[in-house]
Amino acid sequence: MKPETMSVRKLPRKVHFGMGMSEKTRLLLNWLFHRQSHTCVACGTLAGHFSEFTGLCTRCSTQIPWVYNIRCVHCGRPTPCPDCVRPDRLVRYYVCNRSATSYTPMIREWIGQFKYRGNEKFGPLLGDIMNQAYQAMRHEFADHKCTRFKRSLWDVDIVTCVPVSEKRLTERGFNQAQILAEEIAKQNKLPFLSLLIRPQDTGKQSFKSKNERMNTMSNAFSVHPNMVNLVKSFILKAGSHRNVASKHSVTILLVDDIYTTGSTLQACARVLNEKALEQGVQLAIFCLTLARS
C-alpha cells in the first residue's frame, strides 16, 4: 500500500506591509514602528516591518520552511515515506501526525535556542507557528473531500503534550512541548490537560538509531494518575453540548516538538488509549509537531 498524496495545505503566504494604506500613512507608521521596534529574535536585526509571528521580522517569516505538500497521510511527511508501510506500523494508536515545518538547519537552531539554551523569546514565535499549523489541520480535515478520517479536527476536545522526565524538567525549567500545546489551547479556547508522565529519563533521542529509539520509547510513558478522572470530568462538563454518539468518545490533540520516527507519539498514544478503553472511553488522537525530520 503506497502512502497517499494529500492536497496542498492552507498555510501562510508572504506578508506585505502597508497594503491598502496611503503613502503618508505608511511612512508615518513605519517611522513610529522604527522608533519602538524590537530586534528580530531570529536574525538579530532591527525588525522594521510588521510580521504576523511574534518577534520575527518579515524577511525571516518568509523563510519558514512550511510543510505544504503532504506525501504520507499518516505521518505528514512531505517526501515519499518508507516507514508507514512497514508491517510493524500497521497498528497505529494515533490517527495521524502533521508537522508545521521541515527540520531544516534554521528550524533546528530555533528549537535549540528555545529548548536547550532557554531563550524564552522563541517561545511565542514557535507557538504562533504551531497555531498556524493547527489551523491548517482544521482546514484539511474539515474539507468535504477528506473521507479517510471519521472525525474532524474541528471537534478537538482536549489538548495535551508529550511529557519530559523530572530530570529534564529540573535541567530546563520547562517542558517545551507543553508551552507549544498551551499556546494552541489558549489561541483556540480549548482545554489543556496534562494526561501523561515520563517516569524515567530516556536520554537524548537525537544520538540514537531508529531501532534504539523505538525500543527505548516502547515503555517510557504512563498515564497521569488522575488521567481518567480528568477525561471523565471533561465529558461530564461538556455533556449537554455533545450528541449521543460522542458521549463516550473524546478527540485529543497530542503535541510535541520534533517528529523523527514516530515512536514517541506511538508510545504516548498507546498508553492513553489502553487506559481510556479500560474505562469505556474511546479516544481519537491526532498529533501535531513543530518539525518533521
Side-chain angles (χ1 to χ4, degrees), residues 1-11 65-104 107-108 111 129-130 133-134 136-143 145-153 155-156 160-162 177 180-181 196 202 205-221 251-274 276-277 282-293:
M1 183 177 102
K2 295 183 178 180
E4 298 181 27
T5 301
M6 297 292 286
S7 58
V8 175
R9 305 170 75 197
K10 189 176 181 181
L11 283 162
W66 298 104
V67 176
Y68 287 104
N69 298 299
I70 296 171
R71 297 293 297 273
C72 178
V73 296
H74 299 301
C75 71
R77 198 169 189 166
T79 56
C81 178
D83 294 328
C84 288
V85 295
R86 291 167 46 188
D88 61 336
R89 291 299 179 92
L90 295 180
V91 178
R92 185 178 288 102
Y93 294 96
Y94 57 90
V95 179
C96 65
N97 170 73
R98 291 294 179 265
S99 298
T101 68
S102 294
Y103 193 50
T104 62
I107 294 297
R108 182 169 64 245
I111 294 175
I129 290 174
M130 287 291 278
Y134 175 69
M137 290 181 79
R138 293 178 63 184
H139 180 267
E140 177 185 347
F141 296 124
D143 193 324
K145 296 178 182 179
C146 182
T147 58
R148 170 170 288 275
F149 307 122
K150 293 182 180 178
R151 301 202 62 187
S152 166
L153 271 177
D155 299 323
V156 161
T160 193
C161 68
V162 173
L180 299 177
L196 291 156
T202 52
Q205 300 305 298
S206 57
F207 298 125
K208 297 179 181 179
S209 67
K210 182 181 294 186
N211 288 334
E212 286 174 335
R213 291 181 188 186
M214 294 176 69
N215 293 332
T216 300
M217 288 298 160
S218 60
N219 295 298
F221 304 96
T251 299
I252 290 177
L253 182 70
L254 176 61
V255 175
D256 200 10
D257 54 353
I258 304 171
Y259 185 108
T260 304
T261 64
S263 56
T264 298
L265 298 177
Q266 178 81 329
C268 288
R270 178 178 60 81
V271 296
L272 285 172
N273 272 303
E274 289 175 352
L277 287 175
Q282 185 174 359
L283 301 182
I285 302 174
F286 290 82
C287 301
L288 178 60
T289 49
L290 175 59
R292 180 65 168 87
S293 67

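- Annotation: the span from L272 atom CG to L196 atom CG amounts to 4.0 Å, rounded to 0.5 Å.
- Using a 4.5 Å cut-off on side-chain heavy atoms (C-beta onward), R92 and C84 make contact.
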**Request:** Could you give me the CA-CA distance, side-chain angles and deciding distance for T261 and D83, then say whether side chain to side chain contact (heavy atoms under 4.5 Å, CB included) is met?
**Result:** CA-CA 8 Å; T261 64; D83 294 328; 6.0 Å; no
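- Between the side chains of T289 and N97, at least one donor N or O lies within less than 3.5 Å of an accepting N or O.
- Among S102, S99, P65, the one residue that satisfies the side chain to side chain contact (heavy atoms under 4.5 Å, CB included) test with R292 is S99.
- Residues C287 and M137 form no side-chain contact, since every pair of their non-hydrogen atoms from C-beta on lies 4.5 Å or further apart.
- Between the CD1 atom in I111 and the CG atom in D257 there is a gap of 5.5 Å [rounded to 0.5 Å].
- Judged by distance alone, with hydrogens and angles left aside, the side-chain atoms of D256 form no donor-acceptor pair with the main-chain N or O of V162 at under 3.5 Å.
- Nearest approach of Y103 to A291, heavy atoms of both residues: CD1-CB, 3.8 Å.
- A distance of 5.0 Å separates CZ in F221 from OG1 in T264, rounded to the nearest 0.5 Å.
- Annotation for G76 and V67: closest pair O-CG1, 4.0 Å, computed over non-hydrogen atoms.
- The side-chain heavy atoms of Y93 and V271, taken from C-beta on, include no pair separated by under 4.5 Å.
- Summarising the geometry of R71 relative to T79, their closest heavy-atom pair is CB-O, 3.6 Å, with the distance given to 0.1 Å.
- If you run side chain to side chain contact (heavy atoms under 4.5 Å, CB included) between L254 and each of L265, L288, L283, only L265 comes through.
- Distance alone, capped at 3.5 Å, is enough to place a donor-acceptor pair between the R98 side chain and the V73 backbone.
- In this structure, the separation between CG on N69 and CZ on R77 is 15.0 Å, given to the nearest 0.5 Å.
- Nearest heavy-atom pair across V91 and Q266 is O-NE2, 2.8 Å.
- Contact annotation: the side chain of I129 approaches that of W66 to within less than 4.5 Å [non-hydrogen atoms, C-beta and beyond].
- A heavy-atom distance below 4.5 Å is found between the side chains of E140 and I70.
- Distance CD1/I285 to CZ/R270: 11.5 Å, rounded to 0.5 Å.
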